[in-house]
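Comments concern the structure below.
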Amino acid sequence: MAPHTAQAPTDQPAERAAWLRAELDRANYQYYVLDQPELPDAEYDRLFLELQRIESEHPDLITPESPTQRVGGQASSGFAPVHHAVPMLSLNNGFTDEDIVAFDKRVADVLHSESVEYACELKFDGLAIALRYENGRLVRAATRGDGATGEDVTQNVRTIRSIPLKLKGDRVPRLVEVRGEVLMFKRDFERLNARQREAEQREFANPRNAAAGSLRQLDPRITAHRPLSFFSYGIGELDGIEMPGTHSALLDWYGELGLPVCAERATVNGAQGLLEFFRRIGEKRKSLPYEIDGVVYKVNRREEQDRLGFVSRAPRFALAHKFPAEEAMTELLDIYVNVGRTGAITPVARLKPVFVGGVTVTNATLHNEDEVRRKDARIGDTVVVRRA
Ligand code: IVH
């Protein structure tokens with residue numbers, strides 16, 4: 001990596017601005033995409049302010065891709081509809097080992113294959129978007145909507161620091177529509193909610209809602225202050241370059257272009273490989289910095305994907321393997337008191353048995369009398385059970 005120098009190669013405003021942009025782009029990429037910051041914050045701020053100053057003195061030098069242009073433009077009265085030339089589909093779900101074995105068998109049967117290769121990735125709990133790059137420049141971003149028509153959220157997406165406004169490297173195509181998930185990291189969600197609390201504003205229920213609410217703000221200046229992230233995992237339209245032969249090669253190429261790709265991915269063979277990936281990720285789930293609700297398996301070879309095709313609104317070559325839901329509703333049947341060996345008294349809720357988080361729950365502690373009063377728990381209530 002070239003060493004960083006604060007010295008401009010020139011004092012000419014146009015060249016100086018171009019150099020500052022390249023430095024800031026590089027710093028953003030290291031910070032938001034690679035998660036390996038190299039430029040100290042104070043230095044970043046200094047370069048940013050200098051670029052802002054040059055641009056205000058020479059407005060003709062402003063480019064749409066300048067790092068200063070991520071602050072959010074004008075508020076709008078609504079989002080324009082965007083037609084998806086390649087529909088944005090959903091995934092079929094599997095829950096049990098048997099579901100996964102059956103999926104692999106169906107795929108192998110259609111392909112007449114002994115052992116199918118799959119790309120495994122995470123199922124991010126956010127919302128799907130499509131990013132359209134023409135000659136390497138981000139020209140449009142759209143939500144999934146109903147799959148055929150989404151909403152134009154370009155102004156909001158431009159404020160997401162990990163999404164490049166300009167693709168890099170020497171394999172930039174004439175047109176590529178990158179698909180992926182906008183999400184909010186857990187730590188960013190906690191911070192946002194703390195800020196909401198201080199401002200006496202409504203808190204968000206979970207990172208997914210916070211991400212969705214932030215992306216669909218009519219005022220992009222608000223979105224600019226919401227810490228959103230992005231991971232790439234799919235493709236829509238493509239022109240000017242040959243489609244990579246495998247899904248894993250597609251994601252490698254995205255990495256080269258400077259797009260964020262999650263490192264938690266693997267290529268495996270057969271149902272056994274899929275289930276091992278699921279277990280490994282299940283063990284890691286809690287320590288991941290973002291929320292996931294399962295993993296996704298995709299037949300790796302493009303040519304095999306094409307042979308498998310689609311059934312109604314989902315590809316036959318992919319499956320989401322979901323973690324068991326961690327929340328469910330049930331009825332509060334009774335409240336009794338448990339006396340522990342030390343004499344400690346704990347109120348306990350007796351529940352109508354409910355399957356949640358992979359187990360059947362029949363009792364839940366209410367901790368103490370204050371908690372019972374705070375929750376205003378009464379026999380016959382419908383309650384939400386969450387496995388912690
Ligand atoms: S692929 C053709 N990959 O899950 C398949 N989707 O039910 C298109 N999602 O709307 C989707 N992580 O919002 C794919 N690694 C991943 C994903 C993923 C999360 C979401 C996405 C989509 C929904 C499908």
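What you see is a predicted model, and the numbers here were worked out from it, not measured in a lab. Each residue takes its place number in the sequence, starting with 1.
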Problem - Heavy-atom side-chain contact between Asn206 and Asp125 under 4.5 Å - result: no
Exercise for the section: Run the salt-bridge test on Glu43 and Arg46 with the 4.0 Å N-O cut-off and return the result as yes or no. Expected result: yes
Exercise for the section: Give a yes or no on whether Glu190 atom CD has more than 12 heavy-atom contacts from other residues, nucleotides or ligands under 6.0 Å away. Expected result: yes
Problem - Sidechain-backbone polar pair: Glu177 side chain, Ala130 backbone, donor-acceptor under 3.5 Å - result: no
Problem - Salt-bridge present (Glu50, Arg16; N to O < 4.0 Å) - result: yes
Practice task
Assess the side chains of Tyr297 and Asp104: does a donor N or O sit below 3.5 Å from an acceptor N or O?
Solution key: no
Handout entry: Same cluster (ILVMFWY, side-chain, under 4.5 Å), Val385 and Leu333
Key = no
Problem - Check: Arg137 and Asn135 side chains under 4.5 Å, non-hydrogen atoms - result: no
Handout entry: Ile222 CD1 to Gln217 CD distance, which is reported to the nearest 0.5 Å
Key = 4.5 Å
Exercise for the section: Treating Ile, Leu, Val, Met, Phe, Trp and Tyr as nodes and any side-chain heavy-atom pair under 4.5 angstrom as an edge, say whether Val178 and Leu127 lie in one connected cluster. Expected result: yes
Exercise for the section: Provide the full list of ring pair (Phe, Tyr, Trp, His ring centres under 6.0 Å) pairs with a residue in residues 174-217, sequence neighbours left out, each pair given once. Expected result: Phe185-Tyr290
Practice task
Assess whether atom CE of Met243 is packed by more than 12 heavy atoms of other residues, nucleotides or ligands within 6.0 Å.
Solution key: yes
Exercise for the section: Would you indicate whether the side-chain heavy atoms of Pro207 and Leu183 approach each other to under 4.5 Å? Expected result: no
Practice task
Decide yes or no on side chain to side chain contact (heavy atoms under 4.5 Å, CB included) for Lys168 and Tyr29, but give the supporting numbers first.
Solution key: CA-CA 11 Å; Lys168 62 191 187 81; Tyr29 176 71; 3.6 Å; yes
Exercise for the section: Report yes or no: does Ser66 contribute a side-chain atom to a donor-acceptor pair with the main-chain N or O of Gln69 at less than 3.5 Å? Expected result: no
Practice task
Could you tell me which non-hydrogen atom of Arg313 sits nearest to which non-hydrogen atom of Gly147, and how far apart they are?
Solution key: NH2-CA, 4.1 Å
Problem - Nearest non-hydrogen partners of Pro164 and Leu167, listed with the distance - result: CG-CD2, 4.1 Å
Problem - Over 12 foreign heavy atoms within 6.0 Å of NZ, Lys166 - result: no
Practice task
Kindly check if the number of other-residue, nucleotide or ligand heavy atoms within 6.0 Å of NE2 (His58) is above 12?
Solution key: yes
Practice task
Taking Asn92 for its side chain and Ala314 for its backbone only, find out whether a donor-acceptor pair lies under 3.5 Å.
Solution key: no
Problem - Side chain Thr246, main chain Arg301, donor-acceptor under 3.5 Å - result: no
Completion exercise
Closest non-hydrogen contact found for Leu274 with Cys120 is CD2-SG, 3.9 Å
Handout entry: Ion pair check, Glu237 and Arg132, cut-off under 4.0 Å
Key = yes
Problem - Check ion pair Glu291-Lys186 (N to O, under 4.0 angstrom) - result: no
Practice task
Decide yes or no for Phe124 and Tyr233: does some side-chain heavy atom of the first lie under 4.5 Å from some side-chain heavy atom of the second?
Solution key: yes
Handout entry: Selection residues 206-217 - residue pairs positive for salt bridge (Lys or Arg N to Asp or Glu O under 4.0 Å), sequence neighbours left out
Key = Glu151-Arg216
Handout entry: side chain to side chain contact (heavy atoms under 4.5 Å, CB included) partners for Lys123, two or more places apart
Key = Leu91, Asp293, Val296, Ala320, Lys322
Problem - side chain to side chain contact (heavy atoms under 4.5 Å, CB included) evaluation trace for Leu288 with Leu122 - result: CA-CA 11 Å; Leu288 291 172; Leu122 306 183; 4.2 Å; yes
Problem - Asp381 side chain to Ala377 backbone, donor-acceptor under 3.5 Å - result: no
Problem - Arg279 with Asp97: basic N within carboxylate O range, under 4.0 Å - result: yes
Practice task
Apply ring-ring contact (aromatic ring centres under 6.0 Å, His included) to Tyr32 and list each qualifying residue two or more places apart in sequence or on a separate chain.
Solution key: none
Practice task
Indicate yes or no: at least one non-hydrogen side-chain atom of Arg144 is less than 4.5 angstrom from one of Ser90.
Solution key: yes
Practice task
Report whether Val268 and Val116 are members of the same hydrophobic cluster (ILVMFWY, side-chain heavy atoms less than 4.5 Å apart, transitive linking).
Solution key: yes
Practice task
Indicate yes or no: at least one non-hydrogen side-chain atom of Pro315 is less than 4.5 angstrom from one of Leu308.
Solution key: no
Handout entry: Transitive ILVMFWY side-chain link Ile235 to Val261, under 4.5 Å
Key = yes
Practice task
Would you sort out whether His321 and Leu275 count as a side chain to side chain contact (heavy atoms under 4.5 Å, CB included), showing the intermediate values?
Solution key: CA-CA 9 Å; His321 191 174; Leu275 293 172; 4.0 Å; yes
Exercise for the section: Check whether the side chains of His247 and Gln305 place a donor and an acceptor atom closer than 3.5 Å, and report yes or no. Expected result: no
Exercise for the section: For the pair Arg316 (side chain) and Phe310 (backbone), establish whether a donor and an acceptor sit closer than 3.5 Å, ignoring hydrogens and angles. Expected result: no
Problem - Pairing of Glu242 and Arg302 as salt bridge, 4.0 angstrom limit - result: no
Handout entry: Glu203, CD atom: more than 12 neighbouring heavy atoms under 6.0 Å
Key = yes
Exercise for the section: For residues Gly258 and Val33, report the shortest heavy-atom separation together with the two atoms involved. Expected result: O-CG2, 3.9 Å
Handout entry: Atom of Leu228, atom of Ile160 and distance for their closest heavy-atom approach
Key = O-CG2, 3.5 Å
Handout entry: Glu57 with Arg53: basic N within carboxylate O range, under 4.0 Å
Key = yes
Handout entry: Salt-bridge present (Arg280, Glu276; N to O < 4.0 Å)
Key = no
Problem - Cys262 versus Phe231, closest heavy-atom pair with distance - result: N-CD2, 3.5 Å
Handout entry: Gln30 side chain to Gln36 backbone, donor-acceptor under 3.5 Å
Key = no
Problem - Side chain Tyr254, main chain Gly234, donor-acceptor under 3.5 Å - result: yes
Exercise for the section: Decide, yes or no, whether a salt bridge links Lys105 with Asp109 under the criterion of side-chain N to carboxylate O below 4.0 Å. Expected result: yes
Handout entry: Side chain proximity check, Ile129 to Phe230, heavy atoms < 4.5 angstrom
Key = yes
Exercise for the section: Take atom CG of Asp239 as the centre, draw a 6.0 Å sphere, and report whether it contains more than 12 heavy atoms from other residues, nucleotides or ligands. Expected result: yes
Problem - Option among Leu257, Val139, Leu259, Leu175 that satisfies the side chain to side chain contact (heavy atoms under 4.5 Å, CB included) test with Tyr133 - result: Leu259
Handout entry: Contact check, side chains of Phe79 and Thr143, non-hydrogen atoms, under 4.5 Å
Key = no
Practice task
Working to the nearest 0.5 Å, report the span between CG of Leu39 and CG of Asn28.
Solution key: 10.0 Å
Quick one: side chains of residues 345-367, donor-acceptor pairs under 3.5 Å with protein atoms, not counting sequence neighbours, listed by atom name and distance.
{"unit_1": "Asn363", "atom_1": "OD1", "unit_2": "Tyr336", "atom_2": "OH", "d": "3.2"}
{"unit_1": "Thr365", "atom_1": "OG1", "unit_2": "His367", "atom_2": "N", "d": "2.9"}

Practice task
Taking side-chain hydrogen bond (donor to acceptor under 3.5 Å, both in side chains) as the test, write out the residues that go with Glu303, two or more places apart.
Solution key: Arg307
Problem - Steps toward side chain to side chain contact (heavy atoms under 4.5 Å, CB included) verdict (Trp253, Leu250) - result: CA-CA 5 Å; Trp253 176 52; Leu250 173 73; 4.0 Å; yes
